[in-house]
*Asks:* 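Following this message is one structure expressed as structure tokens.
Just so it is clear: chains get the letters A, B, ... in the order the sequence lines come, proteins before strands, and each one is counted from 1.
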Amino acid sequence: MTDFYSRVYEIVEQIPFGRVTTYGAIANCLGAAKSSRLVGVAMNYSHLTHPHLPAQRVVNRIGLLTGKHHFIEHSMQELLENEGVIVVDDRVIDFASLFWNPSDNI
DNA sequence: ACAGTGACTACAT
DNA sequence: AATGTAGCCACTG
């Protein structure tokens, strides 16, 4: 576990139920706007260090479920739909209004 | 210490 | 509009 990853997980934990955010937004909130890829890498490791992290609430900038293949037990789409988030064709419907900006909450 | 990696993005063709 | 390319940077081996 590292500081940067911990920072990422802290933010992901704060994503409200039924809302989503993006890798870029999280990176930006950490003051590392160009490190969106690192957020993705952090999420890849999250299942080891933070198994219960709501990783399904983190999608890419257009609401695409790019990380769905990393979900083993439950599908990313299933988890989102359990929260009332509609997903069609691997994309979050009404993504713009469901988007939660981490910077607004910190 | 150095090169490779990646759940991303923005820009170019 | 739909692909392709190229920066990005903390972590890992």
*Asks:* Specify the separation, in whole Å, of atom CG of A:D3 and atom C1' of C:dC9.
*Replies:*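 Whole-Å distance recorded here is 16 Å.
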*Asks:* Counting heavy atoms from C-beta on, name the nucleotide in C:dC8, B:dT9, C:dC11 closest to the side chain of A:T22.
*Replies:* B:dT9
*Asks:* What about A:V8 and A:L48, same hydrophobic cluster or not, with Ile/Leu/Val/Met/Phe/Trp/Tyr joined at side-chain heavy-atom distances under 4.5 Å?
*Replies:* yes
*Asks:* Main chain of A:A25, side chain of A:T22: is a donor-acceptor contact present, judged purely on distance under 3.5 Å?
*Replies:* yes
*Asks:* Calculate the interatomic distance between A:N44 atom CG and C:dT12 atom P; express it in whole Å.
*Replies:*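 Between P of C:dT12 and CG of A:N44: 11 Å.
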*Asks:* I need the CG-P distance between A:N28 and C:dC8, as an integer number of Å.
*Replies:*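 Value for this atom pair: 16 Å.
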*Asks:* State whether the side chain of A:T21 and the backbone N or O of A:N101 hold a donor-acceptor pair below 3.5 Å, judged by distance alone.
*Replies:* no
*Asks:* Without decimals, in angstroms, what is the distance between A:F4 CZ and C:dA10 P?
*Replies:*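 That distance rounds to 7 Å.
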*Asks:* Enumerate the residues from residues 60-92 of chain A whose closest heavy atom to DNA chain C is under 4.0 Å, giving them by residue number; use none for an empty result.
*Replies:* none
*Asks:* Using a heavy-atom cut-off of 4.0 Å across all strands, would you classify A:Y23 as base, sugar-phosphate, or nothing?
*Replies:* base
*Asks:* Roughly how many Å is it from CG in A:L48 to P in C:dT12, rounded to a whole number?
*Replies:*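 Atom CG in A:L48 sits about 11 Å away from atom P in C:dT12.
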*Asks:* Just compare B:dA7, B:dC8, C:dC9 and give me whichever is closest to any side-chain atom of A:K34.
*Replies:* C:dC9
*Asks:* When all nucleic acid strands are considered with a 4.0 Å heavy-atom cut-off, which category describes A:A55: base, sugar-phosphate, or nothing?
*Replies:* base
*Asks:* Nearest whole Å is fine: how far is B:dG4 C1' from A:R37 CZ?
*Replies:*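 In whole Å, B:dG4 C1' lies 12 Å from A:R37 CZ.
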*Asks:* How is the hydrophobic cluster of A:I93 composed, in terms of its other members, when Ile, Leu, Val, Met, Phe, Trp and Tyr link through side-chain heavy atoms under 4.5 Å apart, directly or indirectly?
*Replies:* A:I86, A:V88
*Asks:* Look at A:R19 together with A:E83 and state whether they make a salt bridge at an N to O cut-off of under 4.0 Å.
*Replies:* no
*Asks:* Looking at C:dC8, I'd like to know if its phosphate oxygens (OP1 or OP2) sit under 4.0 Å from a side-chain N or O belonging to A:S35.
*Replies:* no
*Asks:* Ignoring the backbone of A:Y45, work out which of C:dT12, C:dA10, C:dC9 is nearest its side chain.
*Replies:*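 Among the listed nucleotides, the one closest to the side chain of A:Y45 is C:dT12.
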*Asks:* May I ask whether A:V58 and A:Y45 are part of the same hydrophobic cluster, defined by side-chain heavy atoms of I, L, V, M, F, W, Y residues being less than 4.5 angstrom apart, directly or through others?
*Replies:* yes
*Asks:* Please give me the minimum heavy-atom distance between A:V39 and A:Y23, naming the atom from each residue.
*Replies:* CG2-O, 3.6 Å
*Asks:* To the nearest Å, how far apart are A:L38 CG and C:dG7 C1'?
*Replies:* 13 Å
